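It should be emphasised that the depicted structure is a prediction, and the values quoted were computed from it without experimental measurement. Naming convention: chains lettered A, B, ... in sequence-line order (proteins, then strands); numbering from 1 in each chain. Computed from heavy atoms alone, side chains included, the values below leave out hydrogens, waters and symmetry copies.
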There are 2 protein chains.
Amino acid sequence: MKATFGEYIRQLRTNKGLTLTELAALLKLDSANLSKIENGKREFDEKRLDKLANAFELDFEKLKVEYFGDQFAKKMYAYNCSSETLMVVEEKVNYLKSINVKQAEIKF
Amino acid sequence: MKATFGEYIRQLRTNKGLTLTELAALLKLDSANLSKIENGKREFDEKRLDKLANAFELDFEKLKVEYFGDQFAKKMYAYNCSSETLMVVEEKVNYLKSINVKQAEIKF
DNA sequence: TTAAATTTGTCATTTAATGACAAGTTAAAT
DNA sequence: ATTTAACTTGTCATTAAATGACAAATTTAA
């Protein structure tokens with residue numbers, strides 16, 4: 001998906017023929033703020049990801065990819081992080097997993 | 001670098017034979033809070049990345065990779081994001097570059 | 001055993017995120 | 001052209017999260 005998260009939501013919404021007010025109601029937020037979200041002027045609150053998934057019957061795992069992918073990309077772009085950053089993320093995720101495994105082993 | 005950002009700082013610090021109090025002074029923060037940072041109980045504030053780079057004569061670009069890599073990895077791990085997320089990040093960074101989104105204010 | 005170093009707990013303060021609503025603009029329909 | 005719904009923008013009070021500060025407890029090393 002080559003778009004910001006805001007653009008992604010707008011696409012979903014317009015495809016389904018919903019107005020800002022209608023979708024905002026489903027997401028339990030103000031239509032003015034949803035407008036800002038779609039236009040990249042506010043962040044979508046991760047607490048509403050489940051409501052978004054329900055509204056459009058989306059696979060939640062894929063939605064997370066879209067959402068967090070957007071978040072990380074914005075930061076990387078804003079701070080001009082080299083693409084090497086992503087390799088390091090992969091390493092570090094594995095490291096965190098390995099530590100967690102060790103902790104779990106100690107428990108039992 | 002296979003470690004959390006806190007572990008990374010601790011390594012730098014102990015290699016140089018500094019105490020928490022000494023490094024904390026260089027970073028303009030409380031030694032108790034630096035301890036929490038090294039132990040992963042608080043976040044290192046990005047406003048201090050420059051001070052950290054100075055304290056240890058680090059390449060700033062590499063430090064950013066380490067720092068943001070850590071941040072993203074923690075989130076990915078906490079939310080169990082699939083590794084596909086990183087592909088999406090790459091796509092989205094390119095997308096942001098292509099549409100030349102106005103850069104956020106960068107503090108360093 | 002004692003002094004320095006580190007860790008932990010707590011809380012007031014600062015800072016950022018959010019909700020809410022008014023006012024403005026755009027777009028479509030008649 | 002006027003009206004109406006849809007959308008955008010601006011602002012501000014409130015809420016929630018991050019941070020600073022310091023006391024107290026624990027660990028480490030001399």
Visitor: Side chain of Ser35(B), heavy atoms from C-beta onward: which of dT6(C), dT8(D), dT19(D) has the nearest atom to it?
Guide: dT6(C)
Visitor: Verify the neighbour count for atom NZ of Lys62(A): are there more than 12 heavy atoms of other residues, nucleotides or ligands below 6.0 Å?
Guide: no
Visitor: Please tell me if the side chains of Met76(A) and Lys92(B) come closer than 4.5 Å, counting only heavy atoms from C-beta onward.
Guide: no
Visitor: Using a cutoff of under 3.5 Å, can you pull out all pairs of nitrogen or oxygen atoms linking the protein to nucleotides 26-30 of chain D, with atom names and distances?
Guide:
none

Visitor: Starting at CG of Asp45(A) and ending at P of dT15(D), how long is that distance when rounded to a whole Å?
Guide: 16 Å
Visitor: Does any pair with a residue in residues 25-60 of chain A pass ring pair (Phe, Tyr, Trp, His ring centres under 6.0 Å), and if so which ones, sequence neighbours excluded?
Guide: Phe5(A)-Phe44(A)
Visitor: Please output the side-chain donor-acceptor pairs of residues 83-90 of chain A that fall under 3.5 Å, not counting sequence neighbours, one pair per line with the distance.
Guide:
residue  : atom : partner  : partner atom : Å
Thr85(A) : OG1  : Ser82(A) : O            : 2.6

Visitor: Looking at DNA chain C, which of residues 18-34 of chain A put a heavy atom within less than 4.0 Å of it?
Guide: Asp30(A), Ala32(A), Asn33(A)
Visitor: Quickly work out the Lys74(B) NZ to dA18(D) C1' distance and round it to whole Å.
Guide: 14 Å
Visitor: Please list every donor-acceptor pair under 3.5 Å in which a side-chain atom of residues 24-32 of chain A meets a protein atom from a residue at least two apart or in another chain.
Guide:
residue  : atom : partner  : partner atom : Å
Asp30(A) : OD1  : Ala32(A) : N            : 2.7

Visitor: Only counting residues at least two apart or in another chain, list the ones meeting salt bridge (Lys or Arg N to Asp or Glu O under 4.0 Å) with Lys64(A).
Guide: Glu61(A)
Visitor: Whole angstrom is fine here: how far is it from NZ in Lys36(A) over to P in dA17(C)?
Guide: 14 Å
Visitor: Holding to salt bridge (Lys or Arg N to Asp or Glu O under 4.0 Å), I want the full list of residues that pass it with Asp50(A), two or more places apart in sequence or in another chain.
Guide: none
Visitor: With sequence neighbours left out, what residues match Lys75(A) under side-chain hydrogen bond (donor to acceptor under 3.5 Å, both in side chains)?
Guide: none
Visitor: Below the 4.0 Å mark, does dT7(C) have OP1 or OP2 next to a side-chain nitrogen or oxygen of Asn39(B)?
Guide: yes
Visitor: What is the distance from CZ of Arg42(A) to P of dC21(C), rounded to the nearest Å?
Guide: 13 Å
Visitor: Has Arg48(B) got a side-chain N or O lying under 4.0 Å from the OP1 or OP2 atom of dG20(D)?
Guide: yes
Visitor: Atom CZ of Arg10(A) to atom P of dA6(D): distance rounded to whole Å?
Guide: 14 Å
Visitor: Write down the distance between CD (Glu43(A)) and P (dA16(D)), rounded to a whole number of angstrom.
Guide: 19 Å
Visitor: List for me each residue that meets salt bridge (Lys or Arg N to Asp or Glu O under 4.0 Å) alongside Arg42(B), sequence neighbours excluded, and say none if there are none.
Guide: none
Visitor: Calculate the interatomic distance between Ile37(A) atom CD1 and dT8(D) atom C1'; express it in whole Å.
Guide: 14 Å
Visitor: Taking only residues two or more places apart in sequence, or in another chain, which ones meet Asn54(B) in a side-chain contact (heavy atoms from CB on, under 4.5 Å)?
Guide: none
Visitor: Please report the end-to-end axis angle for the helix from dT1(C)-dA30(D) to dT30(C)-dA1(D), five pairs per end, rounded to 10 degrees.
Guide: 40°
Visitor: Separation of Glu7(A) atom CD from dC7(D) atom P, in whole Å?
Guide: 16 Å
Visitor: For Lys41(B), which contact category applies under a 4.0 Å heavy-atom criterion: base, sugar-phosphate, or nothing?
Guide: sugar-phosphate
Visitor: Identify, with sequence neighbours excluded, every residue that meets salt bridge (Lys or Arg N to Asp or Glu O under 4.0 Å) alongside Glu7(A).
Guide: none
Visitor: Is there side-chain contact between Leu58(A) and Glu66(A), with at least one heavy-atom pair below 4.5 Å?
Guide: no
